[in-house]
Amino acid sequence: MELGAGGWWLLCAAAALAACALGDPASKSRSCSEVRQIYGAKGFSLSDVPQAEISGEHLRICSQGYTCCTSEMEENLANRSRAELETALLDSGRALQATLAAQLRGFDGHFQHLLNDSERALQDTFPSAFGELYTQSARAFRDLYTELRLYYRGADLQLEDTLAEFWARLLERLFRQPHPQRLLPDDYLDCLGKQAEALRPFGDAPRELRLRATRAFVAARTFVQGLGVAGDVVRKVAQVPLGPECSRAVMKLVYCAHCLGVPSARPCPDYCRNVFKGCLANQADLDAEWRNLLDSMVLITDKFWGPSGAESVIGNVHVWLAEAISALQDNRDTLTTKVIQSCGNPQVNPPGPGPEEKRHRGKLVLQEKPPTGTLERLVSEAKAQLRDAQDFWISLPGTLCSEKMAMSAASDDRCWNGMAKGRYLPEVMGDGLANQINNPEVEVDITKPDMTIRQQIMQLKIMTNRLRSAYNGEDSDFQDASDDGSGSGSGDGCPEDICGRRINRKSSSSSSRTPLTHALPGLSEREGQKTSAAAHCPQACTALLLLSLVLSAARPRWR
């Protein structure tokens with residue numbers, strides 16, 4: 001029987017319907033060759049990877065439609081996505097840590113160079129100018145520079161007390177020098193000290209050095225400590241592990257498109273941001289205190305200049321010492337006479353008077369060393385870098401999306417929205433933990449902040465308080481809440497009223513070294529012994545520790 005054109009069409013349509021009814025495999029599944037290639041390139045075995053799409057009821061994270069992923073593949077890719085994000089976070093943190101560490105080395109090296117140059121200038125000029133007046137008291141000068149280094153490096157001592165003890169020791173030695181056979185008991189030395197307050201044997205030099213040095217040294221050491229604390233915070237926060245909900249969300253963001261057979265689809269920008277705003281909600285809460293810290297560090301650099309600035313004072317300590325010795329030379333006879341009138345003539349040893357000292361009448365006048373421009377360059381670079389780092393924590397989601405996640409250029413119908421290729425409709429969440437209550441991509445418990453990050457927020461607050469005190473010329477007590485004693489900027493970890501009193505320093509002798517409560521990194525054993533109060537503090541004091549730190553930050557001690 002012959003069929004017309006209409007009959008042939010009907011026959012063909014019937015055949016097509018029959019083929020559909022029988023279930024043509026090619027019409028229902030797509031090849032997984034592209035996914036196999038990508039999966040193998042990541043180092044995974046291809047033995048369990050399907051050649052074509054299979055039913056996805058077994059999937060736990062990705063959509064359960066037709067898929068190119070087995071359960072094992074989904075688990076492997078989930079672990080890989082978490083590891084890749086953790087690596088990306090560490091890389092971002094390392095870059096900032098490297099910047100802060102470079103700044104710390106630059107400033108620390110410059111300030112110590114200034115102090116070393118000052119001591120060398122003293123050693124080069126004082127012996128010839130002052131003779132035995134200097135050589136017999138050389139140890140007192142060496143001890144002073146040792147104490148200044150210890151203070152700068154973080155020793156728990158008061159600079160005003162250190163300078164007062166130095167002048168007292170120096171006066172005692174210089175008063176003994178003309179007549180070493182004289183006996184000077186403690187009560188006589190006390191009388192000598194009281195007379196010295198009125199007679200001012202060293203002229204105005206002690207007062208000038210005290211006023212300038214306390215401001216200069218506290219500004220310098222607190223700024224460098226701030227760099228150390230900032231780097232320490234970045235290091236510790238970068239090591240905070242990702243939660244399980246974040247891991248699931250990152251898997252959907254990065255690799256579920258592979259499982260659905262569309263590996264070329266890149267994440268929609270707003271979708272990517274929501275994932276990372278949820279994952280990094282606790283980190284974003286660092287933003288306010290981080291900005292406060294960096295702003296305070298930029299501000300305190302203003303104290304590096306001028307007559308009382310770090311550049312002028314630290315490098316010219318020997319100039320004030322020279323003025324003091326010269327003043328004593330001019331006043332010593334008058335001082336001796338008035339002390340004897342007020343305190344009596346000290347007893348003499350039985351052997352009788354020894355040979356009189358041959359007076360050295362040279363007078364040393366030193367000029368302050370002009371700045372080299374090094375500190376100005378360091379400050380200029382640091383200000384620019386610190387300002388660039390201000391939005392580090394809240395910019396992390398956008399940075400990771402644009403640099404690490406191969407994000408789509410625009411939210412259009414061709415980007416990956418977590419379920420398929422198509423437009424992403426939800427709005428982007430705000431920054432911080434409280435704003436994630438309705439995050440559509442990551443389930444975040446806003447009632448349970450990460451304690452490691454909360455401790456670092458406390459560290460930032462304490463360091464900012466210290467910087468603000470230093471800006472006013474005050475050296476407030478500083479103890480941090482570090483969970484360990486390692487890393488730049490870390491302190492002892494336990495305040496004295498919880499884990500024991502700090503050593504009350506009464507002697508400035510080199511044999512009695514003070515504990516370091518906020519030492520700079522790299523302090524050697526020879527320069528001082530760091531206390532270990534944190535090691536003896538029971539774990540039960542953690543809550544009291546945080547409360548104490550809040551109170552100490554709110555009420556800095558004025559000196």
Can you find a heavy atom in the side chain of [X] that is under 4.5 Å from one in the side chain of [Y]?
X    : Y    : value
V444 : I437 : no
R36  : S31  : no
W393 : D285 : no
Y152 : I314 : no
N76  : E72  : yes
L114 : E311 : yes
V49  : C68  : no
L286 : V237 : yes

Which atom pair, heavy atoms only, marks the closest approach of [X] to [Y]?
X    : Y    : answer
Q64  : L59  : NE2-O, 2.7 Å
L90  : A238 : CD2-O, 3.5 Å
P440 : N274 : CG-ND2, 3.9 Å
R466 : T222 : CG-CG2, 3.6 Å
L400 : S92  : CD2-OG, 4.3 Å
L77  : C69  : CD1-SG, 4.1 Å

What's the spacing between [X] [atom1] and [Y] [atom2] if we round to 0.5 Å?
X    : Y    : atom1 : atom2 : result
K303 : R215 : NZ    : CZ    : 6.0 Å
I61  : S81  : CD1   : OG    : 7.0 Å
L89  : L280 : CG    : CG    : 5.5 Å
R235 : Q97  : CZ    : CD    : 7.0 Å
R30  : E53  : CZ    : CD    : 4.5 Å
K461 : L293 : NZ    : CG    : 13.0 Å

Original post:
Does any donor atom in the side chain of N79 or R82 lie under 3.5 Å from an acceptor atom in the other side chain?
Top reply: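 Yes, a side-chain donor-acceptor pair sits under 3.5 Å.
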Subject >> Modelled atom types, side-chain donor and acceptor of D302 and Y471, under 3.5 Å >> reply: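 Per modelled atom types, D302 and Y471 side chains form no pair under 3.5 Å.
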Original post:
Testing R105, Q103, M463 for side chain to side chain contact (heavy atoms under 4.5 Å, CB included) with L227, which one passes?
Top reply: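 Running side chain to side chain contact (heavy atoms under 4.5 Å, CB included) over R105, Q103, M463 with L227 returns exactly one hit, Q103.
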Original post:
Looking at D388, I394, L396, which hits side chain to side chain contact (heavy atoms under 4.5 Å, CB included) with F392?
Top reply: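 So, applying the side chain to side chain contact (heavy atoms under 4.5 Å, CB included) to F392 and each of D388, I394, L396, only L396 qualifies.
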**OP:** Tell me if the SG of C62 lies under 2.5 Å from the SG of C259.
**Re:**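 Their SG atoms do not fall under 2.5 Å; no disulfide, then.
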**OP:** Run the numbers on N472 and R468 for side chain to side chain contact (heavy atoms under 4.5 Å, CB included), then give the verdict.
**Re:** CA-CA 7 Å; N472 295 321; R468 289 173 177 172; 5.6 Å; no
Original post:
Between Y151 and F217, what is the ring plane arrangement, given parallel below 30°, perpendicular above 60°, and tilted in between?
Top reply: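 Y151 vs F217 ring planes: perpendicular.
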Original post:
Parallel, tilted or perpendicular: which describes the rings of Y271 and Y424, with under 30° parallel and over 60° perpendicular?
Top reply: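 Geometry flag for Y424 against Y271: tilted rings.
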**OP:** Assess whether atom NE2 of H113 is packed by more than 12 heavy atoms of other residues, nucleotides or ligands within 6.0 Å.
**Re:**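 Result for NE2/H113: open.
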**OP:** Report, as yes or no, whether the 6.0 Å neighbourhood of atom CD on E381 holds more than 12 heavy atoms from other residues, nucleotides or ligands.
**Re:**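 Counting other residues, nucleotides and ligands, CD of E381 exceeds 12 neighbours.
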**OP:** Kindly determine whether M297 and K383 satisfy side chain to side chain contact (heavy atoms under 4.5 Å, CB included), including the steps that lead there.
**Re:** CA-CA 9 Å; M297 291 178 65; K383 282 184 175 180; over 6 Å; no
[X] (side chain) donor-acceptor with [Y] (main chain) under 3.5 angstrom:
X    : Y    : value
W416 : P263 : no
W290 : A389 : yes
S380 : R377 : no
Q436 : G432 : yes

**OP:** Give a yes or no on whether a salt bridge exists between R423 and D270, defined as a side-chain N under 4.0 angstrom from a carboxylate O.
**Re:**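 Result for this pair is no, no salt bridge flagged.
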**OP:** Verify side chain to side chain contact (heavy atoms under 4.5 Å, CB included) between E376 and F304, making sure each step is shown before the conclusion.
**Re:** CA-CA 9 Å; E376 186 176 359; F304 291 170; over 6 Å; no
Subject >> Under the ring-ring contact (aromatic ring centres under 6.0 Å, His included) test, residues paired with F107 that sit two or more places apart >> reply: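 So F107 forms a ring-ring contact (aromatic ring centres under 6.0 Å, His included) with F223.
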Original post:
For Y255, what residues pass the ring-ring contact (aromatic ring centres under 6.0 Å, His included) criterion, not counting sequence neighbours?
Top reply: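 Listed in chain order: H258.
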Original post:
Where do R153 and D108 land on the side chain to side chain contact (heavy atoms under 4.5 Å, CB included) test, with the steps shown first?
Top reply: CA-CA 9 Å; R153 300 291 285 170; D108 183 46; 3.1 Å; yes
Original post:
Would Q283 and D450 satisfy side-chain hydrogen bond (donor to acceptor under 3.5 Å, both in side chains), going step by step from the backbone distance to the final call?
Top reply: CA-CA 9 Å; Q283 285 84 339; D450 183 271; over 6 Å; no
Subject >> Residue pairs, two or more places apart or on separate chains, that pass salt bridge (charged side-chain N to carboxylate O under 4.0 Å, His left out) and touch residues 83-100 >> reply: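 Found K42-E84, D91-R94.
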